[in-house]
Every structure is written in structure tokens, then in C-alpha cells.
There are 2 protein chains.
Amino acid sequence: MGYPERKKQILKILDKRDSMEVQEIADALGISAVTIRRDLQQLADEELLIRTHGGAMKAPPRHPFTAYADKETQAVNKKKYIGKLAAALVKPGDTIFLDCGSTVFTMCAHLKDITPLRIITNSLPVAAAFMDTPGIQVNLAGGEIDSQRKAMHGSKAIEHINSYHADKAFIGTDGLSVKSGLTAFSEKEASISTAMAGSADQLFVLCDSSKIGRDSYQKFAPLSLLNALVTDKEITEKQVAELKEKGVKVVK
Amino acid sequence: MGYPERKKQILKILDKRDSMEVQEIADALGISAVTIRRDLQQLADEELLIRTHGGAMKAPPRHPFTAYADKETQAVNKKKYIGKLAAALVKPGDTIFLDCGSTVFTMCAHLKDITPLRIITNSLPVAAAFMDTPGIQVNLAGGEIDSQRKAMHGSKAIEHINSYHADKAFIGTDGLSVKSGLTAFSEKEASISTAMAGSADQLFVLCDSSKIGRDSYQKFAPLSLLNALVTDKEITEKQVAELKEKGVKVVK
DNA sequence: ATAAAAATAATCAAATTTGATCAAAAGTAA
DNA sequence: TTACTTTTGATCAAATTTGATTATTTTTAT
């Protein structure tokens, strides 16, 4: 029996019972406990279950809005770092746009004490984050929900964003290069980002170093629009110099 | 007995009784009190319960959106019953308005299998409920978030609702009487309800029997607009007769 | 306010689980 | 076939969990 088969079996057991023990599974499938442990580790990495000593438990239903399926765990810390830096650019009394990316979302934890604050966003997780935060007023863009991105997209949402003005816009990007400027993975993301950029006095782009120098699918803004790029310390000096030459300030 | 099993047992006890003592659990499970304390600490960290001296209390409902602060627990069952009845009025292929009340929210659990379905709402909990439900497209009204009601209100939201048309509207009410028709607790609620009622072919009002014959603060619709009132079995024959005379169909 | 009682956190030892390492088996490609 | 990679299983040191004991903190009673 190969891994795919075992994976299916293990999850099937877990679906019926809320928890199970390593030895128990090993016996049931006729596989050594060592292998089961390896399987459980892998499944735990995928967040399909929770590993406990001696066995595993069913994964708790993650909240529909706060759950960002972050595949690359090594990028999480970079993102958090960037979120903290970006949040430091926000001042009490500001009105800001926040887009629906996971990097921008990491700002939220650091914004709770910057009050009063007005946030305009198309992101449901952002809205959820400030649901019970006094002093922070959230304005949510309406429209069709994109359940993948947990955000509103489409013409209605664009129209909504366009009807407001903000001091600062914080947006993510899927690629940033001197040649192509800012690039997005999809038209949906690009159009929201463009709208926010166009209605704010200042534009800040959040982007971890791995995406710098990389181009994604769709161009949506030239570097000249940026007030600053917020990134992590792993950006190279060469990249910083190139961007500086183009007039882009780098915060790291 | 391992941790997963204990965790389940502890939460099960807490589900029935609102609080419990350490020694009591230790005896019940045949586990040392020290271990129970460690378990309680962990569960408290997970916010699954609240630690007290000598024991633990049930945790307050934790997610910002799924948590409706339902003060009157005895009304919950009535509401669930009404939600089920109302959901039966929805057919695959419908486009429906759902407002942001807790009674209307109870419909959600019963709508998941009625696909395809298009839902237009100003309620964040409704949006959350269908986040991962294939076949159900949610359109969320934009605007300022009312954190009390976990919904969008204001002119932007009204405008959003007005720009759509639906087959059916399901709304709650804070009062319903032959004399005053439908009444709401606040202007905010009333204006959204009016907008939904005005843009739908059919209007269904969800209202538990305790609110029938009662008037709230603001009138927002005459009984003549109703296609049906969905309520519970405790409505009196006299009330049903009076409503019938006014042309209101009662579903119970 | 003070003392007694109860609950908790900290410390330690025993038992169990685990992850790392390495060897065997199974699968792949040349 | 052979050489090579991947998967699986066995062994053992390291880490984790558990319960007993003791010191500290919190609550209750006087």
C-alpha cells in the first residue's frame, strides 16, 4: 500500500472518529508504526490533521475568513516582518486602502493600536480582523465574493473603491521588476490594485524579496507610482541600487 | 487515555454544564489532577474554554462572524425551526436576498444543498457560511461595517442592494402587527429591509411568535407587501386568523 | 488584616513516544 | 541486467508526557 492509499485511509478513519493512535492505525493498515508516523507528519504539515503524542486529532475547522492557505511556510516570517514595517507607516487619523493579499493582511495585527483609523478594503479577513476593534472603522467593498481570495472583486468592487479617497494605499504584488514594474497574477487582483493606487495620495507596495526581479502575468502599475517598496532584509544591494536609480525608495 | 480523548471528554462535559472543577474532572476520567490542569491550560490557550481557579468555564463563542450574541437561548430553537421552514421555500436556481438578522441566519445551514443559488446579502456571517460552498455564489453589499450587527449598512449598502433584483427576499423583523405592519428596532435595519423588499419579486418575513402583535420603533413595510410570514408553532389561532383576514399567508 | 485552606506552578523521575540513522526492499531508468 | 533513487522498516538516543512531591500563590474564613 502506497502513501496515497494510506493517506486516504487515515483521513477516512479521522473523519469518523475525532482522534486515533499511531499503533492503532499501524495495526489496522498492516503497516509499521514508523511509516505511519511519517505519514502523520506529512498530513500535519498539510494541516489536514493535528499531530499529538501517540496519535493524531482531527483538524479544527478553520475559520472561513482568517484562514489563509499559506503553502510556503518559510515565507510567513518574511511576510510578518514586512507587515510590521508597513504598519509603522500608518499614522492615527489616516484613511488607508488595504488590498486582499496575505502579505498586506499581516499588517492588521500591528494596526490595532493606531486609532482612530479608517480602512477601506475588499478583503474579508481584514474586515474580520477589526470586527471588534474600537476606533477602527472598516469600509468593505461590495460585490461578488471570490472564495479563493476571500475578497470581493469585479466591477462593483472597483466602482466602490473608486468612490473613495484615502491617504495611503497598501497593496501586494506578485512580481516587481525594473523592466515591467508591478505585475499581478490575475486580472482580478490587478484591477483592484490599480483602483486603490489611483485613489490614494501615497502608494506603498508590500513584496517579499523572492518576488523582486520576477515578473508575473499582468502589468498593472509602473514603478514611478510607488512612494515606497516595503520588503525584507534579503533583498540584494544590487536590487536596492537599481530601484533607487528608478526613484523607488526601499524600506526593509 | 491520551490527550485527544481527554480533550474531547472535557469539552463534552463543558458543553452540557457551563462550568466544572478540576478534581471533579480528574475523578470522572480517572486521571491525575495535575494532568487535568495541564489540559485545561492548553485548552484555555486554544480559547476553547476559560480557566478559573479550581476549574474552567465555557468559552464565549469565539469567531467574530459566526457568533451571534443570542441573549435569549430559549428563542434559539424557535429560530432554527423557522430557518428550516424558510429554507424550504428556496428552489435551485433562485436569486435571493438575505438580511442580517439572526433568524434569517439560521436558514444558511439548510441552504447548502440547494444549488445553484445566488445570494445577495449585507450580512458577514451569511457570507462566511457559504465561503466554501460550491454552487452558491454570494454577493456582498459594500459599505461601512456595523460591528454590532456584523453587517454593512448606510447609503452605500442600500445603493448596492437597489442595483440588484432577486426572486425572493427573506428578512427578519423586530415587530409585526395588524395595526402597524412590520416594525424595526433601528433605522439602519429598516432601510436595508425596505430596499430588499422593494427589489424582490416575493417577500418572506421571518419572525418568531413572541414578536407577533408587538410593535417596535420604526415602521418599514405594510403587511400587504408580504407573500408569507414564516413563524413557529406557538403563534395563536386568533393571530393566524387576523393575519389571514389581512391577506397574509402564515407558514408554521 | 491575618491565618488557614485550597489551588496552582515548578521540579523531578518513570514510562512512552518520537525522530534520526542506517539497512533492506521496491521501484526506475539506462 | 545494473546502477540509482525512493520508500519502508528496525534500532536507539533524545524528547515528551505523565504523575508525585513540594513551594508558591490565591482564595476563604476569622
Side-chain angles (χ1 to χ4, degrees), chain A residues 1-62 66-80 210, chain B residues 1-62:
Chain A
M1 190 187 320
Y3 173 66
E5 179 66 18
R6 295 198 304 274
K7 171 176 175 175
K8 206 162 61 178
Q9 293 289 336
I10 291 173
L11 292 177
K12 193 169 141 194
I13 295 172
L14 214 51
D15 197 42
K16 280 188 291 209
R17 307 156 80 283
D18 287 341
S19 66
M20 53 195 191
E21 289 175 20
V22 170
Q23 196 53 57
E24 182 187 355
I25 309 167
D27 293 344
L29 305 189
I31 297 283
S32 83
V34 192
T35 300
I36 297 298
R37 284 201 198 93
R38 270 190 281 247
D39 289 349
L40 293 184
Q41 165 134 291
Q42 189 157 345
L43 293 170
D45 288 345
E46 289 184 61
E47 295 188 32
L48 264 30
L49 51 75
I50 291 186
R51 193 70 167 82
T52 64
H53 265 243
M57 291 165 48
K58 194 183 279 189
R62 292 182 306 170
T66 48
Y68 270 109
D70 240 315
K71 303 112 202 166
E72 328 107 79
T73 39
Q74 89 278 19
V76 170
N77 286 331
K78 282 188 194 175
K79 286 182 180 176
K80 284 185 181 167
S210 70
Chain B
M1 190 188 321
Y3 172 67
E5 181 68 17
R6 294 198 305 273
K7 172 177 175 175
K8 203 162 63 175
Q9 294 290 336
I10 291 172
L11 292 178
K12 192 169 141 195
I13 295 172
L14 215 51
D15 197 42
K16 280 189 290 210
R17 308 153 82 274
D18 285 346
S19 69
M20 54 195 190
E21 289 176 20
V22 170
Q23 196 52 56
E24 182 187 355
I25 308 167
D27 293 344
L29 304 189
I31 297 283
S32 83
V34 190
T35 301
I36 296 298
R37 284 202 198 91
R38 273 190 277 243
D39 288 348
L40 293 184
Q41 166 132 289
Q42 188 157 348
L43 293 171
D45 288 345
E46 287 186 63
E47 296 185 32
L48 264 32
L49 51 75
I50 292 181
R51 194 69 167 81
T52 62
H53 264 248
M57 288 162 47
K58 193 182 279 189
R62 60 191 203 299

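Just so it is clear, the structure is predicted and the values come from calculations on it, not from any experiment. Residue numbers start from 1 in every chain, and the chains themselves are labelled A, B, ... in the order their sequence lines are given, proteins ahead of strands.
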What is the distance, rounded to the nearest whole Å, between atom [atom1] of [X] and atom [atom2] of [N]?
| X | N | atom1 | atom2 | value |
| --- | --- | --- | --- | --- |
| B/Q41 | D/dG19 | CD | P | 16 Å |
| B/L40 | C/dT8 | CG | P | 8 Å |
| A/M57 | D/dT17 | CE | P | 13 Å |
| A/I25 | C/dT18 | CD1 | P | 10 Å |
| B/I36 | C/dA9 | CD1 | P | 14 Å |
| B/M1 | D/dT17 | CE | P | 17 Å |
| A/D39 | C/dT18 | CG | P | 13 Å |
| A/Q42 | C/dG19 | CD | P | 13 Å |

Looking at D/dG9, C/dT18, D/dG19, which one has an atom nearest to any side-chain atom of A/V22?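 Selected nucleotide: C/dT18.
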
Measure from the side chain of B/H53, starting at C-beta and using heavy atoms only, and say which of D/dT26, D/dT18, D/dG19 lies closest.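 It is D/dT26.
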
Nearest 0.5 Å please: distance from the CG atom of B/L11 over to the NZ atom of B/K58.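 So the gap between those two atoms works out to 11.0 Å.
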
Out of curiosity, A/I25 CD1 to A/I13 CD1, how far, rounded to the nearest 0.5 Å?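 Going from the CD1 atom of A/I25 to the CD1 atom of A/I13 covers 5.5 Å.
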
Just wondering, more than 12 heavy atoms not from A/E21 lying within 6.0 Å of its CD?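 Count not over threshold, so no.
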
Distance check: side-chain N/O of [X] vs OP1/OP2 of [N], anything under 4.0 Å?
| X | N | answer |
| --- | --- | --- |
| A/R51 | C/dT18 | yes |
| A/T35 | D/dT8 | no |
| B/R37 | D/dG19 | no |

Please determine if A/E24 and A/R17 form a salt bridge, counting it only when a charged side-chain N lies under 4.0 Å from a carboxylate O.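 Looking at A/E24 and A/R17, the cut-off is met.
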
Do B/R38 and D/dG19 have a side chain to base donor-acceptor pair shorter than 3.5 Å?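 Indeed there is one.
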
What I'd like to find out is whether the side chain of B/K7 reaches to under 4.5 Å of the side chain of B/D39, using heavy atoms alone.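 Sidechains of B/D39 and B/K7: no contact.
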
